[in-house]
Structures are given as structure tokens and as C-alpha cells.
Novice: 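Structure below; questions to follow.
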Amino acid sequence: MKTFGEIALVYISVLQCLCGVCMPHLLINVRNQGGDILLETISSNVTDDTISLEFQRSDGTLVTQLVDFRNEVQVIKALVLGEEERGQNQYQVMCFVNHFYKMDFISSDAMSKLRQKNPGTIRIAEEDRGHSNYTMDLFLDVSKSGVISKHVATLCGEAADTTYTRNDDLKQWVQRPGSSEAALMATARNFTTTPVTQQAGNESKPVSLPKCADTSNLWAPCTCSLELCIGWYPCGLKFCKGKGDGKKPASSYRCGIKTCKKCFIFSYYSQLKQNCLWDE
Ligand SMILES: *[C@@H]1O[C@H](CO)[C@@H](O)[C@H](O)[C@H]1NC(C)=O
Ligand SMILES: *[C@@H]1O[C@H](CO)[C@@H](O)[C@H](O)[C@H]1NC(C)=O
Ligand SMILES: *[C@@H]1O[C@H](CO)[C@@H](O)[C@H](O)[C@H]1NC(C)=O
Ligand SMILES: *[C@@H]1O[C@H](CO)[C@@H](O)[C@H](O)[C@H]1NC(C)=O
């Protein structure tokens with residue numbers, strides 16, 4: 001194997017993998033903006049064509065990101081610990097399901113071939129991809145989510161009433177080969193002013209709620225916003241130039257990865273401001 005100097009992660013050959021050197025996942029120490037060190041676990045499943053990444057923030061929030069390349073789906077799940085002294089539940093789980101562009105992450109196959117040279121190293125992403133705002137305008141019915149991706153139900157079973165998506169994402173998934181628009185539309189519903197039981201025969205209308213930060217009633221619904229940052233992920237491949245031998249031009253080969261950081265700001269319907277006390 002060639003040596004890659006400072007490059008953090010290197011490809012191993014398929015042969016090494018067959019000889020049992022393969023590990024099921026990578027453990028990466030990441031330094032975040034606040035200076036804390038987070039331990040990220042990244043694994044891939046080539047059969048399913050998925051990558052999953054998980055870490056716990058220093059405030060205890062457990063964040064899981066799953067990318068399903070085949071179905072162009074990203075699921076980000078947040079398990080947020082409650083403040084019991086303020087009357088909150090022990091924890092709450094939210095799931096955000098969005099359309100995913102293949103270009104944002106390296107493939108599951110490339111991911112499965114990565115190994116770290118120095119596992120203890122504390123890593124910082126090379127490129128900051130900034131913040132993306134996701135205004136989640138739909139509730140997603142987890143029990144019907146199989147038409148979007150089978151992984152939603154696996155990951156979001158605990159978030160039956162708090163799994164969200166967007167009209168924009170449904171429009172993207174409708175473009176997938178073999179998709180049924182009717183089946184996709186049936187998985188989701190707009191937020192409405194009237195309770196579900198009173199909706200029979202009526203068209204549901206999206207409503208704009210006050211931001212949780214702007215309301216003082218702890219028992220009123222409001223739009224909560226939650227920022228989740230993926231501090232380090234492999235977002236592209238690096239190519240190195242081989243030495244030409246004078247006659248042949250230099251060829252390039254994959255010699256490492258590019259790493260990125262990305263933050264998501266999810267705005268979503270919260271049944272109670274009480275469940276969104278960080279948004280003040
Ligand atoms: C990968 O996915 C397949 C199909 O869902 C599953 O059978 C297998 O156990 C998974 N492998 C790992 C390592 O999780
Ligand atoms: C995202 O929202 C934040 C505030 O919620 C705002 O400051 C920022 O400009 C927005 N970014 C984009 C790209 O819309
Ligand atoms: C939500 O409401 C918008 C605007 O009324 C509509 O275009 C959209 O189809 C609705 N989405 C669903 C899933 O019902
Ligand atoms: C739908 O709701 C509106 C406002 O609550 C009401 O005026 C209208 O009659 C309802 N329509 C049906 C078909 O129930």
C-alpha cells in the first residue's frame with residue numbers, strides 16, 4: 001500500500017477486506033466549534049447502499065444520520081434529553097426525512113473501503129459547508145413511510161408523531177423511477193389549525209404558527225427550530241497524480257477523501273413550547 005502522508009483515511013484493497021481486516025465501522029474523534037471532542041461512528045452497508053453516522057453531543061443529544069442512496073433519502077434523528085427540573089419528559093425523539101442529493105457524501109462502497117491510519121487523531125473537517133435551513137411543513141406517517149425508504153420506520157419508530165418531511169421533498173421523490181405520486185402523498189399531511197378529528201370532509205390548510213421563541217405559553221403549539229451539525233463526514237474523493245514515465249502521461253488515482261462539516265437548521269411543528277425550551 002502507498003503511504004499518503006497527512007491524509008487521514010486511506011483505501012484498503014478488497015483483498016485485505018476478504019482476509020478479515022475489515023472493520024464494520026469507523027470511529028472518528030471530531031473537534032467541534034465549542035472545542036468539545038465528539039466521537040462519531042460511521043458505518044456503511046453496501047448491500048443496502050446506506051451510510052449511517054452517529055454521535056452524542058456534549059449536551060447529551062444523540063444524533064443519527066442515515067443516507068439511503070438508492071432512494072435518495074436522508075434521515076436525521078435527534079434524541080434530545082429533557083430537563084426534568086423544568087417538567088419535561090426524560091427525552092424526546094424527532095426525525096427529519098429529506099431528499100438527498102448523491103453528491104453530498106461519498107458512496108457507501110467507497111465508505112466501506114476507508115480505514116484510519118491513526119485512530120486516536122482528533123479531526124477537523126477541511127471544508128465548512130455552512131448552514132442549510134429546512135422548513136419541515138409536513139408530518140410523515142411512519143407506518144406508511146416504506147414507500148419513501150424502509151429505513152425510516154427502523155430509525156423513527158419512537159417518533160411516530162414527530163417525524164417530519166417537506167412538500168419539496170415529496171416532489172423530488174415523485175421523480176424517482178417507479179414512484180407513485182398518490183402513495184407518496186398518502187404518507188404525509190400538512191400541519192393544520194383544526195385537530196385531526198374535526199377535519200373530516202374538509203381540506204386541510206397549512207398554518208403559520210408563531211416561533212416558539214416568540215410565545216410565552218408553554219402549552220401552545222409553535223414552530224420550533226433545532227440546529228444539528230454533522231461535524232465531520234467524507235464528502236468527496238481526492239485524486240492524486242501518479243508519476244508519468246516520460247512517454248505516458250501521468251495518471252490519477254484515488255488516494256484519500258475530502259472531509260466536510262455541515263449544519264442543518266430544522267424548523268418544525270412542536271405540539272407544545274414546553275418541548276422546545278432551547279429555542280429562546
Ligand atoms: C446490510 O443490509 C442487509 C440487507 O438489509 C442486511 O441483511 C445486513 O445484515 C446488513 N449488514 C450489516 C453489516 O448491517
Ligand atoms: C437560515 O436561517 C437563519 C435564521 O434562522 C438565517 O440567519 C439564515 O440566513 C438562513 N440561511 C439561509 C441560507 O436561508
Ligand atoms: C399541503 O398543502 C399544499 C398547499 O395547500 C399542497 O399543495 C400540498 O399538496 C399539500 N401536501 C400534502 C401532502 O397534502
Ligand atoms: C371547512 O372548514 C371551513 C372553516 O372551518 C368551513 O367554513 C367549511 O364549511 C368547511 N368545509 C367543509 C366541506 O366541511
Side-chain angles (χ1 to χ4, degrees), residues 12 14 16-28 40-54 64-75 77 95-100 105-115 134-157 159-176 179-209 221 223 234 266-269:
I12 58 154
V14 173
Q16 279 176 291
C17 215
L18 293 174
C19 294
V21 189
C22 258
M23 281 179 289
H25 52 240
L26 287 173
L27 292 173
I28 310 276
E40 271 187 16
T41 307
I42 313 182
S43 49
S44 63
N45 186 326
V46 178
T47 317
D48 268 356
D49 201 5
T50 57
I51 292 181
S52 65
L53 183 154
E54 188 163 77
T64 311
Q65 177 188 32
L66 181 131
V67 175
D68 174 349
F69 291 94
R70 199 167 291 152
N71 293 302
E72 302 169 22
V73 172
Q74 165 181 279
V75 184
K77 170 168 120 174
C95 254
F96 306 101
V97 182
N98 292 104
H99 181 259
F100 182 82
F105 225 111
I106 65 169
S107 70
S108 61
D109 181 57
M111 186 70 225
S112 72
K113 296 190 173 115
L114 295 178
R115 296 298 174 269
Y134 282 84
T135 302
M136 310 304 288
D137 50 8
L138 298 173
F139 284 116
L140 180 61
D141 184 339
V142 174
S143 68
K144 294 178 185 159
S145 62
V147 297
I148 295 172
S149 162
K150 67 172 183 179
H151 302 288
V152 176
T154 313
L155 214 56
C156 305
D161 300 320
T162 45
T163 294
Y164 306 91
T165 187
R166 299 178 307 172
N167 283 294
D168 283 351
D169 298 309
L170 291 182
K171 279 182 199 143
Q172 300 282 342
W173 292 320
V174 165
Q175 315 290 321
R176 300 183 308 198
S179 286
S180 147
E181 182 169 5
L184 279 166
M185 294 301 278
T187 61
R189 62 189 168 82
N190 277 298
F191 305 146
T192 55
T193 37
T194 44
V196 182
T197 46
Q198 289 170 26
Q199 269 176 34
N202 214 326
E203 192 74 14
S204 48
K205 290 192 200 78
V207 292
S208 59
L209 281 172
T223 306
F266 294 106
S267 307
Y268 63 96
Y269 179 99

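Remember, predicted model here, so these are calculated numbers, not experimental data. Whatever order the structure lists ligands and atoms in, that order sets their numbers, starting from 1.
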Novice: List every atom of ligand 3 that sits less than 4.0 Å from any heavy atom of Met185, numbering the atoms from 1 in the order shown and giving each element.
Specialist: 9 (O), 11 (N), 12 (C), 13 (C)
Novice: Quiz question: by atom type and distance under 3.5 Å, do the side chains of Ser43 and Ser52 form a donor-acceptor pair?
Specialist: yes
Novice: Quick one: list whatever passes side chain to side chain contact (heavy atoms under 4.5 Å, CB included) with Lys150, sequence neighbours left out.
Specialist: Asp48
Novice: For Arg176, which residues count as a side chain to side chain contact (heavy atoms under 4.5 Å, CB included) partner, sequence neighbours excluded?
Specialist: Asn71, Glu72, Val73, Trp173, Ser179, Leu184
Novice: Could you report the tightest heavy-atom contact between Ile42 and Met111, atom names first, then the distance?
Specialist: CG2-CE, 3.4 Å
Novice: Tell me which part of Lys150 gets within contact of ligand 1: side chain, backbone, both or neither, using heavy atoms under 4.0 Å.
Specialist: side chain
Novice: Could you check which of Thr154, Thr50, Asp49, Asp48 puts a non-hydrogen atom nearest to atom 4 (C) of ligand 1?
Specialist: Asp48
Novice: Does the N or O separation between Asn45 and ligand 1 drop below 3.5 Å for any pair?
Specialist: yes
Novice: May I ask you to identify, for Asp137, whether its side chain, its backbone, both or neither come under 4.0 Å of ligand 3 on a heavy-atom basis?
Specialist: neither
Novice: Does an N or O anywhere in Arg189 fall below 3.5 Å from an N or O of ligand 3?
Specialist: no
Novice: Describe, in one word, how the ring planes of Phe105 and Phe69 are oriented to each other, choosing from parallel (under 30°), tilted (30 to 60°) and perpendicular (over 60°).
Specialist: perpendicular
Novice: May I ask you to check whether Asp141 and Ser143 show a side-chain donor-acceptor distance below 3.5 Å?
Specialist: yes
Novice: Using a 4.0 Å cutoff against the non-hydrogen atoms of Ala188, which atoms of ligand 3 qualify?
Specialist: 13 (C)
